[in-house]
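Inspection log for the structure reproduced underneath, given as structure tokens.
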Amino acid sequence: MAESKSPAHATGNAKRGKIILFGACLLAMTIVASVTLSMISINSKEKELVTTLARQQELLSHSRSEVVETWLASLAEQGDRLINADMFRLFASEVNALGSDLAPMLTPTGKDDDSALLAQQLPMMRSLLSEFASYAGFVSGRIINTSGQTYIATDAATTPLSQMQADYVKATLAAKAPHFAPARMGSNGLLLDMFLPIYPPQFEEGKGSPVAVLMLSRIVSGKISEFIATSPLGGNALRTHLIQRTGDTFEEVAPWLPEGLRKLSLLPQDLGESKNIPFAARASLDGEGQSYSSAYKLPSIDWWIVQEADYAQARAALTTYSQTITIIAVLVTLAFGLLIGSLWWFLIGVENKQDAEKFKLLADTINEQRLLLDSVNNTITDFIALKSPDGTYLYVNPAFAKAVGRPVNEMVGLDDAAIFGFETSRRLKKSDELVHFSGQSVTINETIFLQSRKYHVQISKAPFCDAEKCDGIVSVFRDVTEAVEAQERNKRVVKQTVEALVSTIEHTDPYLGGHTRMLCALSAEVAKALGMSEEELATVDAAANLSQVGKMFVPQEILNKPGQLTEEEKTQMERHVEHARDVLKNIDFDLPVVEAIYQMNERLDGSGYPKGLKDGEIMAAAKVLSLTNAFCALVRPRSYRPAKPVPEALKIMDSLKSHYEPQVIAKLKEVLNSPAGEKIIASISAA
């Protein structure tokens with residue numbers, strides 16, 4: 001009986017095995033077919049979407065750029081109507097013959113010479129320029145000679161050319177062609193400066209050189225808003241940005257913002273190296289999410305038309321389509337899976353199926369966790385390491401090994417001295433000992449060298465513990481080199497800005513030049529004697545250098561008046577602190593330099609200016625500058641009195657203890673009696 005059942009049982013097992021194998025193969029083929037067809041369909045739809053969107057952006061970029069170029073050309077044509085007049089050309093040519101000295105023309109002596117004739121014509125030419133600017137819609141205009149001097153302007157109070165405007169004047173003269181400067185923010189909106197070369201009479205195309213430059217400024221806020229307005233072709237998903245380059249800075253021209261211009265820290269790629277940016281998916285200009293974008297460079301000006309389409313919004317239809325295809329594929333696969341599952345249920349049994357599903361779920365979970373850990377470990381850019389208590393490395397991640405230039409397996413067993421060198425390892429050992437001793441995490445900043453490359457890293461160290469004890473240290477090295485170098489570059493820019501402004505101050509008034517140098521030296525020594533912090537010392541030094549910048553805007557007749565100032569003149573003089581704040585407020589000193597300059601004319605009893613602050617309201621750096629500035633003013637000559645001797649000046653300071661901090665006065669006396677102070681006194685005598 002048993003012998004008769006055994007072959008049947010074996011046959012049943014064989015059949016069951018064949019059915020299972022057939023069902024598994026059929027299910028696998030169904031899954032492969034569903035996934036393949038789904039991917040082909042989704043990829044085809046995605047290519048169609050990207051192609052359509054790229055074409056839309058290309059058409060919009062070209063059409064908008066043509067509109068802008070046509071508009072710029074029309075502006076140049078308007079200016080040409082004025083400067084092509086022989087009267088303007090002749091006048092500019094005769095002024096150019098005077099050279100860089102325009103004083104005879106601007107302040108005529110009445111003599112019957114060329115300068116006097118030009119001076120007589122000057123009001124008429126100015127009137128013609130003003131009428132043209134008003135008629136053509138320009139807010140201002142000026143004529144500039146080849147030496148960069150303005151001799152005709154529509155404004156009553158002509159401000160000096162900015163450095164950028166002066167550079168564009170030179171570029172226009174050199175290229176003999178119109179130039180357009182980047183948009184800038186004015187009191188009534190965004191302004192665009194246009195520079196056109198003026199040629200002498202009977203000028204022949206391609207011959208001769210310009211004798212002057214016509215600079216015209218126009219409000220363009222409304223026009224730019226028209227250029228970047230939403231187009232029906234792109235719909236709400238497609239946005240247009242206008243980007244411009246100002247020096248080394250890229251800005252978005254945004255008329256709807258109060259400031260008009262918005263600096264960009266995130267760009268699709270370096271606009272300075274490429275005229276156009278190809279269509280691709282990349283980070284949005286505002287740094288929020290991704291977008292499909294492209295850019296087109298305008299030939300006549302450093303402007304880029306940037307087209308952006310929100311990534312999620314542009315792909316919304318594709319996402320819906322992909323979900324639909326995926327659901328269909330899943331349903332088909334589930335239908336076949338259900339059929340095979342039913343067969344499996346009857347042949348294998350419920351218990352075996354449950355066990356298999358449990359093991360499969362467990363295996364999938366373990367595999368997913370392993371893949372996730374491997375993915376994180378292999379892609380993370382920070383250096384991760386585990387050290388034993390004796391200082392040797394038990395584990396390093398691929399990023400750390402790559403930076404060191406060794407395989408991961410060769411890193412195991414090495415210590416800090418073998419990887420970083422003796423001095424660096426000695427410093428790192430101190431933080432290791434602190435982690436072992438405290439049992440807490442420690443974060444340090446360190447400079448290391450790997451493969452002759454310098455890294456600024458932030459190292460976070462924590463004890464490695466299991467359920468029973470802590471045995472080892474986990475270290476995470478975060479590369480902060482770019483941030484550190486960017487901070488150092490910012491400090492250098494601020495220092496260069498300070499040096500440039502100091503040079504400008506010294507050329508404004510000879511009295512201020514000597515005064516500033518003495519104030520810097522003396523205030524620095526007094527601040528050190530008071531034991532001020534490094535931040536306060538840097539604030540005092542920068543503020544002393546720039547303390548007189550506001551006096552550049554005070555009329556020279558008031559600055560150099562030999563007699564006593566009237567109340568009105570005194571009010572104008574005291575406004576120099578407001579001028580200084582307006583000039584310096586947009587410079588990122590990373591220190592309260594502007595506040596110190598603004599308060600250095602305040603007095604403890606509230607008799608100072610501009611706010612009448614009292615003792616507790618005045619910052620320490622301003623108190624030092626207040627006293628040293630007054631002392632330097634006494635011992636230096638002025639247009640209305642000679643210099644006072646140092647002892648007499650100190651007596652005056654002692655008599656004004658209601659104005660100045662007594663402790664600062666005492667430290668001033670100590671400094672003047674020190675070797676450093678003697679050198680300063682010697683410089684006063686020499687001057």
Side-chain angles (χ1 to χ4, degrees), residues 369-495 528 531-539 541 590-591:
Q369 292 177 349
R370 180 182 62 80
L371 292 176
L372 176 61
L373 290 175
D374 288 345
S375 176
V376 172
N377 184 51
N378 292 330
T379 58
I380 195 167
T381 57
D382 291 341
F383 307 160
I384 302 176
L386 172 63
K387 285 198 293 189
S388 66
D390 64 358
T392 58
Y393 284 90
L394 301 174
Y395 166 79
V396 298
N397 71 332
F400 193 3
K402 181 180 179 181
V404 175
R406 297 190 181 190
V408 172
N409 59 340
E410 289 185 11
M411 294 279 290
V412 176
L414 299 179
D415 59 8
D416 286 335
I419 297 174
F420 305 108
F422 176 78
E423 286 297 325
T424 303
S425 67
R426 183 175 57 83
R427 295 194 301 270
L428 294 177
K429 184 178 180 181
K430 294 181 180 179
S431 56
D432 288 351
E433 292 173 348
L434 181 59
V435 173
H436 283 303
F437 179 78
S438 65
Q440 297 179 346
S441 301
V442 172
T443 299
I444 61 172
N445 293 313
E446 187 60 69
T447 300
I448 61 176
F449 289 85
L450 295 175
Q451 299 189 80
S452 301
R453 178 182 172 187
K454 183 178 180 181
Y455 289 84
H456 296 280
V457 293
Q458 184 182 73
I459 309 175
S460 298
K461 299 185 177 183
F464 179 74
C465 304
D466 56 18
E468 299 179 358
K469 63 178 180 177
C470 294
D471 189 13
I473 295 177
V474 176
S475 301
V476 178
F477 297 69
R478 183 165 292 106
D479 187 0
V480 294
T481 304
E482 292 185 2
V484 172
E485 291 178 351
Q487 186 177 21
E488 292 175 353
R489 287 194 299 270
N490 184 55
K491 290 180 179 178
R492 289 195 297 269
V493 169
V494 171
K495 181 179 179 183
K528 291 177 184 176
M532 287 187 166
S533 65
E534 291 295 326
E535 180 177 340
E536 289 175 319
L537 289 174
T539 301
D541 180 67
D590 201 24
L591 293 169

query: Just wondering, more than 12 heavy atoms not from E482 lying within 6.0 Å of its CD?
result: no

task: List for me each residue that meets salt bridge (charged side-chain N to carboxylate O under 4.0 Å, His left out) alongside E534, sequence neighbours excluded, and say none if there are none.
output: none

query: Which atoms form the tightest heavy-atom contact between S441 and P463, and what is the distance?
result: N-CD, 4.3 Å

- prompt: How far apart are the C-alpha atoms of N445 and H456, what are their side-chain angles, what is the distance that settles it, and do they pass the side chain to side chain contact (heavy atoms under 4.5 Å, CB included) test?
  reply: CA-CA 7 Å; N445 293 313; H456 296 280; over 6 Å; no

statement: Only residue of R478, Q458, K461 satisfying side chain to side chain contact (heavy atoms under 4.5 Å, CB included) with T443 is Q458

message: Quick test of your reading: applying salt bridge (charged side-chain N to carboxylate O under 4.0 Å, His left out), list the pairs with at least one residue in residues 402-422, sequence neighbours left out, ordered by first then second residue.
response: K387-D416

- prompt: Taking the six-membered ring for Trp, are F400 and F420 parallel (under 30°), tilted (30 to 60°) or perpendicular (over 60°)?
  reply: parallel

- request: Check whether any side-chain heavy atom of L450 sits under 4.5 Å from a side-chain heavy atom of F383, and report yes or no.
  value: yes

task: Not counting sequence neighbours, which residues clear side-chain contact (heavy atoms from CB on, under 4.5 Å) with I444? List them please.
output: L428, S431, V442, I459

query: Are any non-hydrogen side-chain atoms of V412 and V396 less than 4.5 angstrom apart?
result: no

- prompt: Does I419 reach the side chain of Y393, with side-chain heavy atoms less than 4.5 Å apart?
  reply: yes

- prompt: Which heavy-atom pair separates I473 from H436 by the least distance, and what is that distance?
  reply: CD1-NE2, 3.4 Å

- request: Rounded to the nearest 0.5 Å, what's the gap from OG on S475 to CG on D382? Could you check?
  value: 12.5 Å

- request: Name all residues meeting the side chain to side chain donor-acceptor pair (under 3.5 Å) criterion together with T392; count only those two or more places apart in sequence or in a different chain, and write none if there are none.
  value: S388, D390

message: Show me the pairs that pass salt bridge (charged side-chain N to carboxylate O under 4.0 Å, His left out) and involve residues 438-457, at least two apart or across chains.
response: R427-E446

For S452, side-chain contact (heavy atoms from CB on, under 4.5 Å) partners two or more places apart: none

